[in-house]
Number of protein chains: 2
Amino acid sequence: MDAALCEVTFIHEDRVQAAQQTLVDPPAAARLAAAFDALADPTRVRLISALIDQELCVCDLAALLNLTQSATSHQLRILRNLNLVRTRKEGRIVFYALDDQHIRDLFQRGLEHIRHNSQG
Amino acid sequence: MDAALCEVTFIHEDRVQAAQQTLVDPPAAARLAAAFDALADPTRVRLISALIDQELCVCDLAALLNLTQSATSHQLRILRNLNLVRTRKEGRIVFYALDDQHIRDLFQRGLEHIRHNSQG
DNA sequence: TGAATATATGAGCAATTATTCATATATTGT
DNA sequence: ACAATATATGAATAATTGCTCATATATTCA
């Protein structure tokens, strides 16, 4: 048989139709997934957490997280490309900061989730 | 030379010390990254979005997203293992629903982020 | 201009992962 | 018990990715 999709009987057609209302379309899903993916790595989570209250330069971040300069810079680029952080240049030093309050909120919600689950 | 970490001069030692306050430790970072990672895939994003207002069974979800039953089940397991969704069994049918309001909030924040960025 | 410093980036590798395929488990009805 | 149905899952594979290494770009200072 071929790689059938859901060949099974439609169980709840009314609900499926209703779900169309909230279902995000594939392009939006891709962008949303990419945004969450930016926070889906322990190193990037720590970078964001370090920037919660203040801006820091690449070398600060590398020292703080015990990373190489290269690894830090690579990860920061990902965060910047997805508009989670913004940069400010001062001479040769580049300061990174969270882009806006949305990011802080999103991050906090995530923290609440893991505190709410897996251990009290 | 060896794979040096941040061998460069400490630029802002005071800020680095301050950042220790908000810096999440590696275990928490791993758990937080895992939580965000659950939403870091377009298929899982669409599954969550379909469950915003109501519960749906596996076959409903597969049909709605045009996925195979197997792929749907695999992805739902990831969401369930991370406590983003919960299940209710009724005979052979397993209904999936969002675990709590936190998830809805987290998802909404993500949506706001992508709407705020990349296009007006 | 040339050396030093701070950051950025391309290539490569090891590790992770989303899907498919085949099959297992669980429930219902005959 | 047996067939049918709904879901779950292990193995395999192609694609993605985080880090390292080497090197490039940019800025400051002498």
Side-chain angles (χ1 to χ4, degrees), chain A residues 1-12 16 26 29-30 33-34 36-47 55-82 85-96, chain B residues 1-12 16 26 29-30 33-34 36-47 55-82 85-96:
Chain A
M1 78 186 82
D2 62 330
L5 296 180
C6 192
E7 72 286 346
V8 192
T9 322
F10 244 115
I11 303 298
H12 310 93
V16 173
F36 282 119
D37 200 39
L39 294 165
D41 173 82
T43 297
R44 290 194 293 273
V45 161
R46 300 188 84 212
L47 286 170
E55 64 181 9
L56 290 170
C57 72
V58 178
C59 183
D60 289 345
L61 289 165
L64 183 60
L65 302 196
N66 203 38
L67 294 171
T68 64
Q69 176 271 318
S70 179
T72 307
S73 206
H74 275 294
Q75 295 293 17
L76 287 171
R77 178 164 55 156
I78 294 174
L79 294 176
R80 193 170 67 161
N81 284 346
L82 286 158
V85 299
R86 59 182 154 71
T87 58
R88 178 178 74 82
K89 198 166 182 180
E90 198 171 291
R92 330 169 232 212
I93 299 181
V94 178
F95 289 96
Y96 280 77
Chain B
M1 81 188 81
D2 65 329
L5 297 178
C6 192
E7 71 287 348
V8 191
T9 321
F10 245 111
I11 303 299
H12 310 91
V16 173
F36 283 119
D37 199 39
L39 294 164
D41 174 82
T43 297
R44 290 195 293 271
V45 161
R46 300 188 84 212
L47 287 170
E55 64 181 10
L56 290 170
C57 72
V58 177
C59 183
D60 289 344
L61 289 165
L64 183 59
L65 302 197
N66 203 39
L67 294 171
T68 64
Q69 176 270 317
S70 179
T72 307
S73 207
H74 275 295
Q75 296 292 17
L76 286 170
R77 179 164 52 156
I78 293 174
L79 293 175
R80 194 171 64 161
N81 285 344
L82 287 158
V85 299
R86 58 183 155 72
T87 58
R88 177 177 73 83
K89 200 167 183 181
E90 198 170 290
R92 334 171 230 212
I93 299 181
V94 177
F95 289 96
Y96 280 78

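Here is how names work: the chains are called A, B, and so on, in the same order as the sequence lines, proteins then strands, and each is numbered from 1. Just so it is clear, the structure is predicted and the values come from calculations on it, not from any experiment.
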Undergrad: Can you label the angle between the B:Phe95 ring and the A:His12 ring as parallel, tilted or perpendicular, going by 30° and 60°?
TA: tilted
Undergrad: When you match A:Ser70 and A:Asp41 each to their closest nucleotide on DNA chain D, which lands nearer the 5' end?
TA: A:Asp41
Undergrad: Give one of base, sugar-phosphate or nothing for A:Tyr96, where a contact means two heavy atoms less than 4.0 Å apart.
TA: sugar-phosphate
Undergrad: Rounded to the nearest 0.5 Å, what separates atom CG in B:Asn66 from atom CG in B:Leu61?
TA: 13.0 Å
Undergrad: Within this structure, what is the CZ-to-C1' distance between B:Arg88 and C:dA26, rounded to whole angstrom?
TA: 17 Å
Undergrad: With a 4.0 Å cut-off on heavy atoms, is B:Ile78 in touch with a base, just the backbone sugar-phosphate, or nothing at all?
TA: sugar-phosphate
Undergrad: Grab the CZ-P distance between A:Arg92 and C:dA6 for me, whole Å please.
TA: 6 Å
Undergrad: Let me confirm one number: the CG-CG distance from A:Leu67 to A:Leu76, rounded to the nearest 0.5 Å.
TA: 9.5 Å
Undergrad: Find the distance between CG (B:Leu39) and CG (B:Leu79) and round it off to the nearest 0.5 Å.
TA: 7.0 Å
Undergrad: Using whole Å, report how far CG of A:Leu65 lies from C1' of D:dG18.
TA: 14 Å
Undergrad: Take the protein atom CG of A:Asn66 and the nucleotide atom C1' of D:dG18, then report the distance between them rounded to whole Å.
TA: 16 Å
Undergrad: Let me confirm one number: the OG1-CD1 distance from A:Thr87 to A:Ile93, rounded to the nearest 0.5 Å.
TA: 13.5 Å
Undergrad: Is the base of C:dC21 touched by the side chain of B:Thr68 through a donor-acceptor pair closer than 3.5 angstrom?
TA: no
Undergrad: State the CZ-OG distance between A:Arg80 and A:Ser73, to the nearest 0.5 angstrom.
TA: 8.5 Å
Undergrad: Between A:Gly91 and A:Ala40, which is nearer to the 5' end of DNA chain D once each is assigned its nearest nucleotide?
TA: A:Ala40
Undergrad: Any base atoms under 4.0 Å from B:Thr43, or only sugar-phosphate, or nothing? Heavy atoms, all strands.
TA: sugar-phosphate
Undergrad: Tell me the interatomic distance from A:His12, atom NE2, to D:dA6, atom P, rounded to whole angstroms.
TA: 10 Å
Undergrad: Hey, is the side chain of B:His74 pairing donor to acceptor with the base of D:dT7 inside 3.5 Å?
TA: no
Undergrad: Could you state the atom-to-atom distance from CZ of B:Phe95 to P of D:dA8 in whole Å?
TA: 12 Å
Undergrad: Rounded to whole Å, how long is the line connecting atom CG of B:Leu47 with atom P of D:dT7?
TA: 13 Å
Undergrad: Among C:dT7, D:dC19, D:dA4, which nucleotide sits nearest the side chain of A:Gln75?
TA: D:dC19
Undergrad: Figure out the CD1/P separation between B:Ile93 and D:dA8, and round it to whole Å.
TA: 12 Å
Undergrad: So, is B:Lys89 near the phosphate of C:dT27, with a side-chain N or O under 4.0 Å from OP1 or OP2?
TA: yes
Undergrad: Which nucleotide wins on minimum distance to the side chain of A:Val94, given the candidates C:dA8, D:dT27, D:dA8?
TA: C:dA8
Undergrad: Closer than 4.0 Å, any side-chain N/O of A:Gln69 to the OP1 or OP2 of C:dA6?
TA: no
Undergrad: Give B:Arg44 one of three labels, base, sugar-phosphate or nothing, depending on what nucleic acid heavy atoms sit under 4.0 Å from its own.
TA: sugar-phosphate
Undergrad: Which nucleotide wins on minimum distance to the side chain of B:Asp37, given the candidates C:dA8, C:dT20, C:dT17?
TA: C:dT17
